[in-house]
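Notes to accompany the following structure.
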Amino acid sequence: MKIAFYGTKPYDRIWFEPMGKEYGFDIHFIEAACNRETIFMAKGYDAICIFVNDYVDAEMINALYEMSVKAILLRSAGYNNVDVKAAEDKIIIMRVPSYSPEAVAEFSMALLLTVNRLTHKAYNRTRDFNMSLNGLMGMDLYEKTAGVIGTGKIGQAMIRILNGFQMHVLCYDPFPVEGLEAEYVSLEEIFKYSDVITLHCPLTSDTKHIINKETIAKMKNGVFLINTSRGALIDTEALIEAMLQNKFGGVGLDVYEEEEGVFYEDRSGDIVKDDNLARLLTFPNVLVTSHMGFFTREAMQAIALTTLENAYALENGLPLVNQVGREADLQ
Ligand code: NAD
């Protein structure tokens, strides 16, 4: 199988290069992101392999179909960046439904601990021999209430971590699961009672801007908000408006609505054109990271393995257990 691998970073090659050889795949590593300008590079390949900040819209699906590309191999769990409907009966889409939920949950907790205890600021201060504590006061997480929105694999891992801190854990999911050490409540109650709100649901038409002006107004003053799921779960302008009114104790964002083309790139020498992102970065209690919740050795290895297993299954006519849109039928 010939695979056009878009958006290649050095850390992708560590596992994909040797494992791809073991499978006998011919992988062509392309640095450019997959978009309308670069889709022509898929010509002559059986599959393209893409990540979260690549996209494939309906027009690109048609282009791939005409180029006889059979599959889109997502090296991610989320697939909101691909027009799944347009691909129906044309191109098979496969994803990596689970690689290390713990990696993302642990990173969510890292964001929470950082924006709460301001260790990133303390680090900078002490390096400059500024040993003052002014402005660095946090709150105990012990016995506070955490609200988890989305209790899938990552949400459940987060619930385990929050319980380790002896927090009272509330959760919301339209498809509740049994046996969690957390209390299912309504979304309203999550907003009303939580000292910490952490987002672990996918981006869908239902969840887009689930955090907006109205829902923020329902939250406690001083609430902490953590988003490691997808940027568009939060209405950024509403968030900024609320930040200006001191609504939040702290906000940790691993994802951002307009991250495409910015995250994963070194833009340090460029003029920032995104005023909302620039504004967010000015708040002392906001920490933005570059969509790196997944970024552990274990997760990267698992992503490579599952992506190549998906390609192998396709090539050898095996059941496509990770096919997007068909997973429910196969379970
Ligand atoms: P999952 O499919 O296991 O769980 C998602 C859960 O969200 C499901 O239980 C689902 O029922 C629930 N859900 C659906 N609609 C909802 C709604 N309206 N309100 C509340 N819950 C809703 O997915 P997961 O593996 O736990 O991943 C969660 C999200 O994390 C992914 O969709 C992806 O966007 C994000 N993610 C981020 C990173 C990162 O590096 N930051 C890495 C992996 C995944």
Side-chain angles (χ1 to χ4, degrees), residues 7 9 11-12 50-55 74-82 84 95-112 147-162 169-180 182 184-191 194 197-212 215 225-234 252-257 259-260 263-264 287-303 306-307 321-325 327-328 331:
K9 301 289 179 208
Y11 44 80
D12 290 314
I50 64 167
F51 196 47
V52 290
N53 285 339
D54 299 297
Y55 69 83
L74 284 153
R75 21 185 220 282
S76 62
Y79 49 87
N80 55 288
N81 49 336
V82 178
V84 177
R95 66 177 185 130
V96 184
S98 177
Y99 35 92
S100 174
E102 283 74 20
V104 185
E106 286 170 14
F107 192 78
S108 307
M109 184 43 107
L111 283 181
L112 174 58
V148 177
I149 300 182
T151 58
K153 291 174 286 294
I154 297 170
Q156 289 179 35
M158 189 63 179
I159 288 170
R160 288 191 290 273
I161 292 172
L162 295 166
V169 188
L170 305 177
C171 60
Y172 170 77
D173 193 307
F175 305 99
V177 284
E178 279 176 24
L180 300 186
Y184 276 104
V185 295
S186 67
L187 209 44
E188 296 287 309
E189 288 167 296
I190 293 268
F191 295 136
S194 300
I197 295 175
T198 180
L199 306 179
H200 301 290
C201 55
L203 176 62
T204 64
S205 48
D206 285 342
T207 60
K208 183 162 188 222
H209 290 181
I210 194 167
I211 305 300
N212 56 47
T215 54
L225 176 67
I226 304 297
N227 186 11
T228 57
S229 278
R230 284 293 180 267
L233 296 177
I234 299 178
L253 303 175
D254 188 42
V255 286
Y256 170 64
E257 268 191 287
E259 69 181 53
E260 191 197 312
F263 281 22
Y264 301 137
L287 179 59
V288 178
T289 51
S290 188
H291 204 144
M292 59 178 287
F294 69 98
F295 202 43
T296 64
R297 274 185 291 280
E298 292 79 0
M300 290 298 286
Q301 190 169 12
I303 288 171
T306 306
T307 305
V321 287
N322 295 326
Q323 185 174 358
V324 173
E327 284 154 88
Q331 273 163 9

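Both backbone and side-chain heavy atoms feed into the values below; hydrogens, waters and symmetry mates do not. Counting convention: from 1, in listed order, for ligands and their atoms alike.
Using a 4.5 Å heavy-atom cutoff, the side chains of Leu199 and Ile226 are not in contact. Side-chain contact between Val148 and Leu170 is absent, with no heavy-atom pair separated by less than 4.5 Å. Between Leu187 and Ile210, the closest side-chain pair of non-hydrogen atoms falls below 4.5 Å. Looking at Met158 and Val169, their side chains never come closer than 4.5 Å, going by heavy atoms from C-beta outward.
The contact set between ligand 1 and Tyr172, taken as ligand atoms under 4.0 Å from a residue heavy atom, comprises 19 (N), 20 (C). Every atom of ligand 1 is numbered from 1 in the order shown, and the set under 4.0 Å from a heavy atom of Thr207 is 16 (C), 17 (C), 18 (N). Residue-ligand proximity, Phe294 to ligand 1, at heavy-atom distances under 4.0 Å covers atoms 39 (C), 40 (O). Ligand 1 places these atoms under 4.0 Å from at least one heavy atom of Gly150: 7 (O), 20 (C), 21 (N).
Considering only non-hydrogen protein atoms, atom 37 (C) of ligand 1 sits nearest to Thr228 O, 3.0 Å. Gly152 CA, 3.1 Å is the protein heavy atom nearest to atom 4 (O) of ligand 1. Of the protein's non-hydrogen atoms, the one nearest atom 28 (C) of ligand 1 is His200 O, 3.4 Å. For atom 20 (C) of ligand 1, the nearest non-hydrogen atom of the protein is Pro174 CD, 3.5 Å. Remark: minimum distance from atom 23 (O) of ligand 1 to any protein heavy atom is reached at Lys153 NZ, 4.4 Å. Nearest non-hydrogen protein atom to atom 11 (O) of ligand 1 is Asp173 OD1, 2.7 Å. The protein atom (non-hydrogen) at minimum distance from atom 33 (C) of ligand 1 is Arg230 NH1, 3.6 Å.
Contact between Ser229 and ligand 1 is present, with at least one heavy atom of the residue lying under 4.0 Å from the ligand. Note on ligand 1: Pro202 sits in its first shell, one or more heavy atoms being nearer than 4.0 Å.
Contact annotation: for Thr151 versus ligand 1, heavy atoms closer than 4.0 Å belong to the backbone alone. Both the backbone and the side chain of Ile154 come within 4.0 Å of ligand 1, judged by heavy-atom distances.
A side chain to side chain contact (heavy atoms under 4.5 Å, CB included) with Ser76 is found for exactly one of Val96, Val52, Ile303, namely Val52.
Checked against a 3.5 angstrom limit, the closest N/O atoms of Tyr99 and ligand 1 fall outside it.
Judged purely by atom type and a 3.5 angstrom limit, Tyr184 uses its side chain to pair as donor or acceptor with the backbone of Val177.
When ring centroids are compared, Phe295 and Tyr11 come within the 6.0 Å threshold.
With respect to the salt-bridge test (charged N to carboxylate O, under 4.0 angstrom), the residues Arg160 and Glu102 qualify.
Considering every non-hydrogen atom in both Tyr172 and Val185, the closest pair reads CD1-O, 3.5 Å.
Ring geometry for Phe51 against Tyr264 counts as tilted: the plane angle lies between 30° and 60°, on a 0 to 90° scale.
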